[in-house]
Amino acid sequence: MSEYPARANFFDASALIKVFTNEYGSERVTEYFNNQAPTKFTTPFCLYETLNILKSKWVYREELSKEQYLECCFKLLSWYRLANEHVADLELFDPVVLDKVQSLVGLYSLDVSDALQLLTVKAGDFSFFVEESETLFVTADKGLALAAKKENIKTWCCIDGEPPK
């Protein structure tokens, strides 16, 4: 039985890239992703951002071979399809959503994608879970983790320490 509570886990691109490639800091988050986080999600923006990072690792940085790149992309897309099939995304063009995103961008100097992630955790399908079941936001971006914590979002910066119990 898992030592972690049943909860939604939202992974951003910086964490997903560690799960789907072998880079510094991958072990801990990959172990959590594969063995401790049965419910794991991401936003469409994080999916696209992760695909773009994978392309960069293949084409520009030459850190992945073409075969490795394709394997990583296939695994990411397969996981995303299954994990997010029944999860509604925020209505991107809703003026209320856009206003909240703009506020988060201004408050924490985030980009729009990062602000949407935080808003998804705060106001999306799994925002009503509390206490041990409260959604966990997983990132390797220290600045984004700090902004999430300031927004009272349960957060694990996966390059520092262990995931919260």
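Computed from a predicted structure; not experimentally measured.
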Identify the heavy atoms of [X] and [Y] that sit nearest to each other, and give their distance.
{"X": "I53", "Y": "R61", "value": "CG2-NH2, 4.5 Å"}
{"X": "L76", "Y": "T50", "value": "CD2-CG2, 3.6 Å"}
{"X": "V101", "Y": "V112", "value": "CG1-CG1, 4.0 Å"}
{"X": "A147", "Y": "Y108", "value": "CB-CG, 3.7 Å"}

Quiz item: Taking W156 as the fixed residue, which of F33, F137, Y32 is the one that meets the ring-ring contact (aromatic ring centres under 6.0 Å, His included) rule?
Solution: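 Of all the options given, the one that passes is Y32.
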Check whether any side-chain N or O of [X] sits under 3.5 Å from a backbone N or O of [Y] as a donor-acceptor pair, and report yes or no.
{"X": "N9", "Y": "R7", "result": "yes"}
{"X": "S103", "Y": "D99", "result": "no"}
{"X": "T155", "Y": "L146", "result": "no"}
{"X": "S14", "Y": "T139", "result": "no"}

Would you give me the side-chain donor-acceptor pairs under 3.5 Å for residues 113-124, sequence neighbours excluded?
from, atom 1, to, atom 2, distance (Å)
D114, OD1, Q117, NE2, 2.8
Q117, NE2, S113, O, 3.4
T120, OG1, L116, O, 2.8
K122, NZ, E151, OE1, 2.8

Quiz prompt | With sequence neighbours excluded, residues passing side-chain contact (heavy atoms from CB on, under 4.5 Å) with Y60 | solution =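 Y60 satisfies side-chain contact (heavy atoms from CB on, under 4.5 Å) with K55, S56 once adjacent residues are dropped.
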Beyond-backbone contact of [X] with [Y], side-chain heavy atoms, under 4.5 angstrom:
{"X": "L16", "Y": "E49", "value": "no"}
{"X": "K57", "Y": "I17", "value": "yes"}
{"X": "E27", "Y": "N22", "value": "yes"}

Quiz item: When you look at E23 and K18, which way does the salt bridge (charged side-chain N to carboxylate O under 4.0 Å, His left out) test go after all the steps?
Solution: CA-CA 6 Å; E23 66 176 34; K18 292 188 176 310; 3.0 Å; yes
Quiz item: CZ of R81: more than 12 outside heavy atoms within 6.0 angstrom?
Solution: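 For R81, atom CZ is not crowded (no more than 12 foreign heavy atoms under 6.0 Å).
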Quiz item: What distance separates F41 CZ from W79 CH2, expressed to the nearest 0.5 Å?
Solution: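 Answer rounded to 0.5 Å: 8.5 Å.
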